[in-house]
Enquirer: 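Starting off with a structure, shown below.
In what follows, chains are A, B, ... by sequence order, proteins preceding strands, each numbered from 1.
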Number of protein chains: 2
Amino acid sequence: MSTADRIVTAALALFYRNGFHASGVDLLSAEAGVTKRTLYKYFPSKDELIESALQLRHEQFMAWLKQHVAAAAVEDGPLAYIDFIGNWVADAEFCGCAFINAAAEYAAPEQIPHRLADQHKEEVRALVVNLCTEAGAKDAVSVADSLFLIGEGLIVASQVRGYNESLVQNAKKAATLLWDAAR
Amino acid sequence: MSTADRIVTAALALFYRNGFHASGVDLLSAEAGVTKRTLYKYFPSKDELIESALQLRHEQFMAWLKQHVAAAAVEDGPLAYIDFIGNWVADAEFCGCAFINAAAEYAAPEQIPHRLADQHKEEVRALVVNLCTEAGAKDAVSVADSLFLIGEGLIVASQVRGYNESLVQNAKKAATLLWDAAR
DNA sequence: ACCTTTGTACACCGATCGGTATACTTGCGC
DNA sequence: GCGCAAGTATACCGATCGGTGTACAAAGGT
C-alpha cells in the first residue's frame with residue numbers, strides 16, 4: 001500500500017467517523033502515521049484530500065454493492081439492494097452514508113463534496129434501475145426510485161436513531177410489497 | 001421579539017444554511033445584529049446556542065407539521081404526512097432536515113445535537129403512528145414506519161440531488177400503495 | 001435626579017486552524 | 001559507495017476559533 005493510499009484511507013476513515021470540518025489536518029496526518037509535510041506532498045490541500053477520500057469511498061462502496069447484488073438471483077435483485085442496506089446499517093462502524101454527510105456539511109450544491117454526493121447517488125440509483133429492468137419490472141424507473149427512497153430512509157433513520165432490527169425488517173417488507181406490485 | 005429570540009432565530013437560520021461547525025460565533029452575532037458580548041450574555045457557549053436553536057426548530061417544525069396534517073381528512077392523514085414532506089422539499093430554502101444534518105455533524109450518539117435529533121425523529125414517528133391508528137390501519141406501527149422511511153428518503157434524496165418533481169410524485173405513489181395495502 | 005439594566009464597541013486571550021520552511025535521516029538504484 | 005528521492009522532525013506562519021475584560025452609551029423605573 002503506497003503512502004498516498006495510506007493517507008487517503010486514513011482520511012476517509014476519520015472523515016466518516018468524525019465529520020469533515022471537525023477533522024483537522026494535524027489529527028489527520030497523525031492517524032495516517034505520516035507527517036503533515038508528507039501529507040501535503042501528496043495532497044495540495046485538505047479540500048483535495050476530501051475529494052480523493054470521497055472518490056475512494058465511491059469506488060469501494062460500488063464494488064461492495066455490486067458484489068452483494070451479484071450473489072442474488074436476477075429476479076430478486078431489487079430486493080437484494082434493500083438487503084444490502086440492511087446489512088450495512090447493522091455494521092458496528094456504520095456512521096450513515098458518507099455522501100449524505102458530505103452533502104449536509106457542504107450544503108451548497110456547487111461545492112465539490114456535495115457534487116460528488118449527487119454523482120454517487122445517481123450511480124446507485126442507476127444500478128437499482130438496472131436491477132429492476134433485468135428482473136422484468138413493468139415500470140423499472142418508478143419502482144427503482146421507490147426502492148431507492150426506502151434505502152435512503154433506512155440509512156438515515158439508522159444513523160439518527162441507531163440500529164433497529166425491526167425497522168430493517170419493516171423496510172424489507174415494504175420493499176417486497178412495492179416490488180411484487182411492480183412485476 | 002426579545003433579544004434572546006432574535007439571536008436563536010438567526011442562529012438557527014445560519015446553522016441550517018451553513019452547518020454547525022462551519023458557522024463561527026463572529027458571523028453568528030453579526031447575523032443576529034448583536035455583539036458577541038450580548039450573545040454570550042444569553043447563551044453561555046456555542047454548544048448551548050446550538051441546543052437552543054435545535055429546540056426552537058423542533059417546536060416550529062412540529063407546529064407546522066401538525067397544522068398541515070390537521071387540514072386533511074382523517075382517513076387520508078398518513079398520506080398527508082408524505083404530502084407535507086413533498087411541500088417542504090420544494091421550498092427554495094430547503095437544506096435538508098436540520099436534525100439529520102446535526103446527527104451527521106455530531107456522529108456520536110451521546111452528543112447533544114445527535115440526541116436531540118433522535119428525540120425529534122421519535123416524535124415525528126409517533127405522530128405518523130397516531131395518524132395511521134386514527135385512520136384505521138390494520139397494523140399502524142408497521143405502515144407508519146414504512147411511510148416514515150419514505151419520508152426520510154425523500155428528504156435526503158432532495159437534499160443531495162436537488163428538488164425533483166417526479167421523485168416527489170413517486171414517493172406519493174409508493175406511499176399510497178403501501179397505505180392502501182394496510183387499510 | 002439617580003441607579004440599574006441592556007447593549008455596544010473593541011481590544012484582547014490562548015488554542016487551533018490550514019499550510020509552509022528548513023534541516024535531517026533513511027533506504028534504494030546504479 | 002554515492003546520489004537522490006522519500007519521509008521525519010520541528011518550528012513556524014497568519015488567520016480564525018470560541019470566549020472574555022473593560023469602558024461607555026442609552027433607556028426605564030422609582
Enquirer: What residues in residues 9-21 of chain B put a non-hydrogen atom under 4.0 Å from any atom of DNA chain C?
Expert: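 DNA chain C contact set from residues 9-21 of chain B: none.
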
Enquirer: Please list, by residue number, the residues of residues 43-53 of chain A whose heavy atoms come closer than 4.0 Å to an atom of DNA chain C; answer none if no residue qualifies.
Expert: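 Under 4.0 Å from DNA chain C: A:Ser45, A:Lys46.
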
Enquirer: For the pair B:Lys66 (side chain) and B:Leu127 (backbone), establish whether a donor and an acceptor sit closer than 3.5 Å, ignoring hydrogens and angles.
Expert: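 Side chain of B:Lys66 to backbone of B:Leu127: no pair is present.
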
Enquirer: I need the full list of salt bridge (Lys or Arg N to Asp or Glu O under 4.0 Å) pairs touching residues 100-109 of chain B, with sequence neighbours left out, sorted by first then second residue.
Expert: none

Enquirer: Just report the end-to-end axis angle for the helix from C:dA1-D:dT30 to C:dC30-D:dG1, five pairs per end, to 10 degrees.
Expert: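 So the angle between the two local helix axes works out to 10°.
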
Enquirer: If we ignore angles and hydrogens, is there a donor and acceptor under 3.5 Å between the side chains of A:Gln169 and A:Glu165?
Expert: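 Per modelled atom types, A:Gln169 and A:Glu165 side chains form a pair under 3.5 Å.
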
Enquirer: State which residues pass side-chain contact (heavy atoms from CB on, under 4.5 Å) with B:Val141; sequence neighbours excluded, sorted by chain then number.
Expert: B:Arg125, B:Val129, B:Asp139, B:Asp145

Enquirer: Test of understanding: with ring-ring contact (aromatic ring centres under 6.0 Å, His included), list the residues that count as partners of A:Phe43, not counting sequence neighbours.
Expert: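 Listed in chain order: nothing, the list is empty.
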
Enquirer: Scan A:Ser23 against the nucleic acid and name what it touches under 4.0 Å (heavy atoms): base, sugar-phosphate only, or nothing.
Expert: sugar-phosphate

Enquirer: Quick one: list whatever passes salt bridge (Lys or Arg N to Asp or Glu O under 4.0 Å) with B:Lys173, sequence neighbours left out.
Expert: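 Partners of B:Lys173 by the salt bridge (Lys or Arg N to Asp or Glu O under 4.0 Å) criterion come out as none, since no residue qualifies.
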
Enquirer: Could you measure the distance from the NZ atom of B:Lys41 to the OG1 atom of B:Thr3? Nearest 0.5 Å is fine.
Expert: 9.5 Å

Enquirer: In whole angstroms, how far is the C1' atom of D:dA9 from the CG atom of A:Asp26?
Expert: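 Atom CG in A:Asp26 sits about 14 Å away from atom C1' in D:dA9.
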
Enquirer: Mind checking ring-ring contact (aromatic ring centres under 6.0 Å, His included) for A:Phe84 and listing every partner two or more places apart, or none if nothing turns up?
Expert: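 Checked A:Phe84 against ring-ring contact (aromatic ring centres under 6.0 Å, His included); matches are A:Phe61, A:Trp64, A:His68.
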
Enquirer: Can you give one letter per nucleotide of nucleotides 7-14 of chain C, going 5' to 3': B for a protein heavy atom under 4.0 Å from the base, S for sugar-phosphate only, - for none?
Expert: BBB-----

Enquirer: Atom CG of A:Leu39 and atom P of D:dG7: how far apart are they, to the nearest Å?
Expert: 12 Å

Enquirer: Can you name the residues that form a ring-ring contact (aromatic ring centres under 6.0 Å, His included) with B:His58, not counting sequence neighbours?
Expert: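 B:His58: ring-ring contact (aromatic ring centres under 6.0 Å, His included) contacts with B:His120.
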
Enquirer: Using a strict cut-off of less than 4.0 Å between a Lys/Arg side-chain nitrogen and an Asp/Glu carboxylate oxygen, indicate whether B:Arg17 and B:Glu31 qualify as a salt bridge.
Expert: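 B:Glu31 and B:Arg17: salt-bridged.
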
Enquirer: Which residues pass the side-chain contact (heavy atoms from CB on, under 4.5 Å) test with B:Ala137, sequence neighbours left out?
Expert: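 With neighbours one apart ignored, the set is B:Cys132, B:Ala140, B:Val143, B:Trp179.
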
Enquirer: With sequence neighbours left out, which residue pairs that include part of residues 77-91 of chain A fulfil the side-chain hydrogen bond (donor to acceptor under 3.5 Å, both in side chains) condition?
Expert: A:Asp83-A:Lys172

Enquirer: What's the separation between atom CG in A:Leu56 and atom OG in A:Ser52, rounded to the nearest 0.5 Å?
Expert: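 Here the interatomic distance stands at 9.0 Å.
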
